[in-house]
Asks: 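First the structure, then my questions, so here it is.
Each residue takes its place number in the sequence, starting with 1. Remember, predicted model here, so these are calculated numbers, not experimental data.
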Amino acid sequence: MDHMDQQMEKTGTKTPEVLREELPLQRLIGEGLSQAVVEGEVALPGGLREETHVLLSQAMAALDKSTVENGRVNAEGKVTFHVLYTQGDPTKVSALEASAEFSHPIELAGAQSGMQAPISMMVEHVEASAQGGRLHLMAILRLHARAFTDEPLSVVTGIRDMDGLMLRTETLSALHTASRGVQDVLVRDECELGAVLQITDTLCAQASVTVQEVMGGEGRATLSGQVLLEVMHTSLMPSRPLVVTRHTIPFEETIALTGESGDELCCSAVVRDVAVLSQEGQEEGERTLRAEVLLGLEAHATRSRDVKLLLDAYTTQGDVLTLGTQGVQRAVSHRQIHTAESGKLTLLTEGMPPVRTPLHASLRPVITGWSRQNGKLLVEGMMETTLLYMTDDSAAPQSYHAEEPFRMAFACDVSLPESMVLTTGNVESSVITSDRVEVKYILHLDCFDVQLRHEQPVTQVAAMPAPQSETGVLVCFAQQGEGAWEIAKRYRVSPELLLRMNPQLDESGAQPQRVVLWKR
């Protein structure tokens with residue numbers, strides 16, 4: 001016997017028959033945002049006395065697994081660093097790849113073991129410095145986690161066996177995760193690099209992935225899309241020791257889903273690793289590029305069903321009802337948003353050797369704020385920029401670092417933008433003057449978005465003896481926001497009687513109104 005039943009037994013009131021149902025309801029428990037610093041160190045291949053100059057440092061983060069504990073989500077993964085540098089000979093560019101594992105807790109109030117906790121992650125800052133024949137590496141990650149639970153919620157669907165009972169119900173679409181699947185796949189490609197590029201070696205590559213179409217059925221989800229690959233090579237071209245080639249690799253992969261069939265699919269893909277290699281081709285000067293990209297694919301299917309729930313209730317005679325509610329944030333739908341916009345910035349390289357030939361520009365966005373406006377998402381931040389270029393006075397590549405503000409409007413309406421991840425692609429740089437360079441780019445936004453609805457389902461019902469009420473003709477003034485149901489409940493009459501006596505009553509409650517009613 002619960003507390004309410006005991007109270008009704010003491011007061012001698014009649015226990016109403018309360019109809020309940022275990023409602024499968026996916027609920028958002030909370031969110032957590034955190035920064036992680038990942039460090040690593042690797043030995044340089046050259047001599048200790050050779051001067052080393054870092055030209056460019058890049059990093060890619062991949063999540064291996066996440067676990068949920070009480071009050072936090074633990075993220076475990078790996079950061080892969082790519083560094084371009086010169087050692088000894090300042091005209092010869094070399095590349096080095098190294099990795100560092102990380103384990104980082106994200107504080108999240110309300111999280112408990114067994115909950116789902118998707119994590120989004122992006123690299124905000126990378127540093128590499130050479131000292132004593134070793135290369136020190138550091139990356140700053142932005143991690144965002146959300147905790148969901150599919151644990152059923154016991155809700156009240158109706159009440160019976162009470163005198164003068166007035167009920168108000170609503171139909172709720174209840175969503176829950178029906179099945180899930182995770183799989184790593186290896187995407188391969190091979191292409192010819194033209195002799196005109198005079199490529200001598202392939203150094204490193206960066207990749208991004210976009211899912212363009214999702215199909216499902218019979219316990220499977222098929223994802224199709226493309227991988228955008230950017231590869232850096234050394235070259236014998238005059239005044240251009242580095243060249244960049246871009247490649248598009250289509251893919252179509254199928255994931256097995258574990259669980260029941262669902263009504264709606266949500267899928268995502270991330271790049272976990274990239275490997276590139278080039279060898280001499282069949283024709284003189286040509287080279288064959290081979291690329292392997294490891295993708296992490298994830299899909300989950302959701303199912304919804306309509307459930308009739310009790311919204312409000314009262315009695316016109318006998319005992320008075322007291323309703324207990326529980327506030328929840330329930331997921332209505334999931335969607336993976338991918339959109340992109342063009343941008344450009346101008347670099348002012350004052351105090352640096354004059355720019356003759358831009359070789360490569362690397363951009364890394366850092367989010368500082370966002371807002372919604374007219375159905376668009378406005379994102380502000382700083383763009384960490386590294387420009388590699390050649391000058392007239394030296395055969396050695398020059399490196400310039402800067403931070404430039406950016407502001408971008410994306411044509412999407414995101415419900416919860418905290419999980420967005422920004423990446424840049426198709427970066428092109430051109431000389432305006434010897435100390436001014438224009439950089440054009442495409443800024444990609446990925447976001448695991450969740451449509452939420454705040455609900456107050458009735459979870460408890462109690463009946464108590466009613467206090468003595470006035471009888472006869474009553475005149476009252478309805479408060480703003482009160483409709484026929486709220487007024488009738490306050491004075492314990494039926495809404496039908498109230499409307500018969502007050503046909504002029506505006507049920508929207510937009511303005512205060514004079515109301516007349518008869519109580520026996």
Asks: Is it the case that the side chains of T80 and S99 hold a donor-acceptor pair, with the cut-off being a distance below 3.5 Å and no angle test?
Replies: no

Asks: Indicate whether any N or O donor in one side chain lies under 3.5 Å from an N or O acceptor in the other, for H444 and S208.
Replies: no

Asks: Any salt bridge between R27 and E455, counting N to O under 4.0 Å?
Replies: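 Salt bridge absent between R27 and E455.
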
Asks: Should L56 and M232 be marked as a side-chain contact (heavy atoms from CB on, under 4.5 Å) after you check the CA-CA gap, both sets of side-chain angles, and the distance that decides it?
Replies: CA-CA 12 Å; L56 174 68; M232 299 190 68; 4.1 Å; yes

Asks: Between T424 and I442, is the side-chain contact (heavy atoms from CB on, under 4.5 Å) condition met? List the steps.
Replies: CA-CA 6 Å; T424 57; I442 304 294; over 6 Å; no

Asks: Tell me, yes or no, whether the heavy-atom count around E151 atom CD, taken from other residues, nucleotides or ligands under 6.0 Å, exceeds 12.
Replies: no

Asks: Take a 6.0 Å sphere around CD of E97 and say whether it holds more than 12 heavy atoms from other residues, nucleotides or ligands.
Replies: yes

Asks: Do E21 and K308 meet the salt-bridge criterion of a basic N to acidic O distance under 4.0 Å?
Replies: no

Asks: In terms of side-chain heavy atoms, does H125 have a donor or acceptor partner in E127 at a distance below 3.5 Å?
Replies: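 Distance-only check passes for H125 and E127.
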
Asks: Going by atom types alone, do Q35 and E124 pair a side-chain donor with an acceptor below 3.5 Å?
Replies: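 Note: Q35 and E124 side chains meet the donor-acceptor criterion.
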
Asks: Go through the structure and list residues passing side chain to side chain contact (heavy atoms under 4.5 Å, CB included) with Q451, not counting sequence neighbours.
Replies: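 Side chain to side chain contact (heavy atoms under 4.5 Å, CB included) check on Q451 returns V332, S333, R335, S415, D449.
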
Asks: When you compare the side chains of T245 and H247, does any donor N or O come within less than 3.5 Å of an acceptor on the partner?
Replies: yes

Asks: Report the residue from L28, I29, L25, V68 that forms a side-chain contact (heavy atoms from CB on, under 4.5 Å) with T149.
Replies: I29

Asks: Could you give all pairs that pass the side-chain hydrogen bond (donor to acceptor under 3.5 Å, both in side chains) test and reach residues 62-71, with sequence neighbours left out?
Replies: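 Output for this query lists D64-R272, E69-R72, E69-N74.
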
Asks: With a sphere of 6.0 Å drawn around CD of E190, does it hold more than 12 non-hydrogen atoms of other residues, nucleotides or ligands?
Replies: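 Yes.
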
Asks: Looking only at heavy atoms, which two atoms of A98 and L137 are closest? And how far apart?
Replies: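 Nearest heavy atoms, A98 then L137: CB-CD1, 3.7 Å.
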
Asks: So if I apply the side-chain hydrogen bond (donor to acceptor under 3.5 Å, both in side chains) rule between S278 and each of E286, R287, R290, which one comes out positive?
Replies: R287

Asks: Look at atom CD of E101 and say whether more than 12 heavy atoms of other residues, nucleotides or ligands are closer to it than 6.0 Å.
Replies: no

Asks: Testing T157, V458, V156 one by one against R20 for a side-chain contact (heavy atoms from CB on, under 4.5 Å), which residue passes?
Replies: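 Of all the options given, the one that passes is V156.
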
Asks: I'd like to know whether CZ of R372 has more than 12 heavy-atom contacts from other residues, nucleotides or ligands below 6.0 angstrom.
Replies: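 For R372, atom CZ is crowded (more than 12 foreign heavy atoms under 6.0 Å).
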
Asks: Q26 and side-chain hydrogen bond (donor to acceptor under 3.5 Å, both in side chains): which single residue from H334, R330, R303 fits?
Replies: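 Single pass found, and it is H334.
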
Asks: Taking atom types as modelled, find out whether T171 and D306 have a side-chain donor-acceptor pair closer than 3.5 angstrom.
Replies: no

Asks: Quick one, F148 with V450, criterion side-chain contact (heavy atoms from CB on, under 4.5 Å). Give me CA distance, side-chain angles, the key distance, then yes/no.
Replies: CA-CA 11 Å; F148 294 91; V450 184; 3.7 Å; yes

